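Just so you know, ligand 1 is whichever comes first in the structure, and atom 1 is the first atom listed for that ligand. Only this structure's heavy atoms are used, side chains among them; waters, hydrogens and symmetry mates stay out. Only a predicted model underlies this, so the values are computations on that prediction, with no experimental measurement involved.
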Amino acid sequence: MSARILLVLVSCALSVVTGLVIARGGANDAEARMRVATEVIKQVRGQKDPETAIQEPPAKSNRLVIGLSMDTLKEERWQGDRDLFTAKVQAAGAEVKVQSANSNDVIQLQNVESLITQKVDALVIIPHDGAAMAKAVNLAHEAGIPVLSYDRLITGCDLDLYLTFDNVKVGELQAKFLADRIPAGGKLRLVRIYGAKTDNNAKLFKQGQDNILQPLIAAGKVEVLFEDWAEDWKPESAKKITNAAITKNGPNFDAILASNDGTAGGAIQALTEEGLAGKVIVTGQDADLAACQRIAQGTQAMTVYKPIQSIATKAAELALKLAQRKPLVARDAISNGQVDVPSVLLDIVAVTKENLRETVVKDGFRKEAEVFPSTQQ
Ligand code: GAL
């Protein structure tokens, strides 16, 4: 509004209000007139008198706030996800509020409720239990907050967006690695350690493994001697499963298909106690530092590298777009049992002793000196 028009308005209003004040009998009080004048100008400019104006809640700073609700920080990778995601969002001038639930569904729901109360502009959830977090998505939607499901799928709700790696391919790469090592003319005797039953990814990894193994099992080239699910992906439950397999079969098996590096570590502990470490082929996933070191030493045979840099960066980009209600591109759609969720799938790489340097070291995900400590002396 031009100064000129403002001036005209002020003087008109001034005369009106002065008239009102006079009518109310305080005409010759200079201070009163000044207060009136200030009031008028404020009214014209829409500024309210701090004393009299109704106290509006403090305006939400324009800075976007992204809520990150995590299942756990127990596995090494999740600490990486948190730090990289936070750095990317902050680099874009926005804020991140992180809450971790220590694998407890009740706590995770409380975490989400607290982030909703703090009026985050978008929510990123890594569910402990994909089904249990449907309630969290519904609560967020009631508050008008969009939700991105990070790495693991939230099922049974009208989820906005899903970002993950090609999890079926993870399982296929793990099983293919073993299929390529079936003794000539022989049979591979296998122990299978699946992930947490609460984690939809664990089912996708198994599905990928089955895609490769089923025909080989049918052909008698692979025999599954023992299999079980590792509660909450705990290394100690993987160790128990391996101990039970050894109790049942003795040392007479060739490989352990462990679904991630944490469970591989638990299994290898049991093998070490039996003097079998390095003699039994063990798979993994995540390229944890300890796993990369085991692969360099020969006690673990492979892992699947999922570049955390790429998922954290993409998640920051997508979460900020959701927060700004901007259009975004999601080329895939994955059913979560209620809707076909717009999804973004990222690629992965199988890592063995032969390509450790060309993959995780070259990417800067792991340092040469860390993975091959012995060659540094
Ligand atoms: C899965 C994740 C894996 C693995 C596991 C244990 O959902 O995709 O990378 O680390 O959880 O946290």
Problem set entry | ring-ring contact (aromatic ring centres under 6.0 Å, His included) evaluation trace for Phe205 with Tyr194 | CA-CA 8 Å; Phe205 303 146; Tyr194 309 121; over 10 Å; no
Exercise. Heavy atoms, side chains only, cut-off 4.5 Å: are Asp129 and Pro127 in contact?
Worked result: no
Problem set entry | Residue pairs passing the side-chain hydrogen bond (donor to acceptor under 3.5 Å, both in side chains) test where at least one lies in residues 101-112, sequence neighbours excluded | Ser69-Gln108, Asp71-Ser103, Gln99-Asn111, Asp105-His128
Exercise. What residues sit with at least one heavy atom under 4.0 Å from ligand 1?
Worked result: Glu75, Arg77, Trp78, Asp151, Arg152, Asp199, Asn201, Phe205, Trp233, Asn260, Gln285, Asp286, Lys306
Exercise. Are Asp228 and Ile193 side-chain neighbours, meaning at least one heavy-atom pair lies under 4.5 Å?
Worked result: no
Seminar exercise, completed: Residues passing the side chain to side chain donor-acceptor pair (under 3.5 Å) test with Tyr150, sequence neighbours excluded, are Asp81
Exercise. Does Pro146 have any side-chain contact (heavy atoms from CB on, under 4.5 Å) partners at least two apart in sequence or in another chain, and if so, which?
Worked result: Ala122, Asp160, Leu322, Arg325
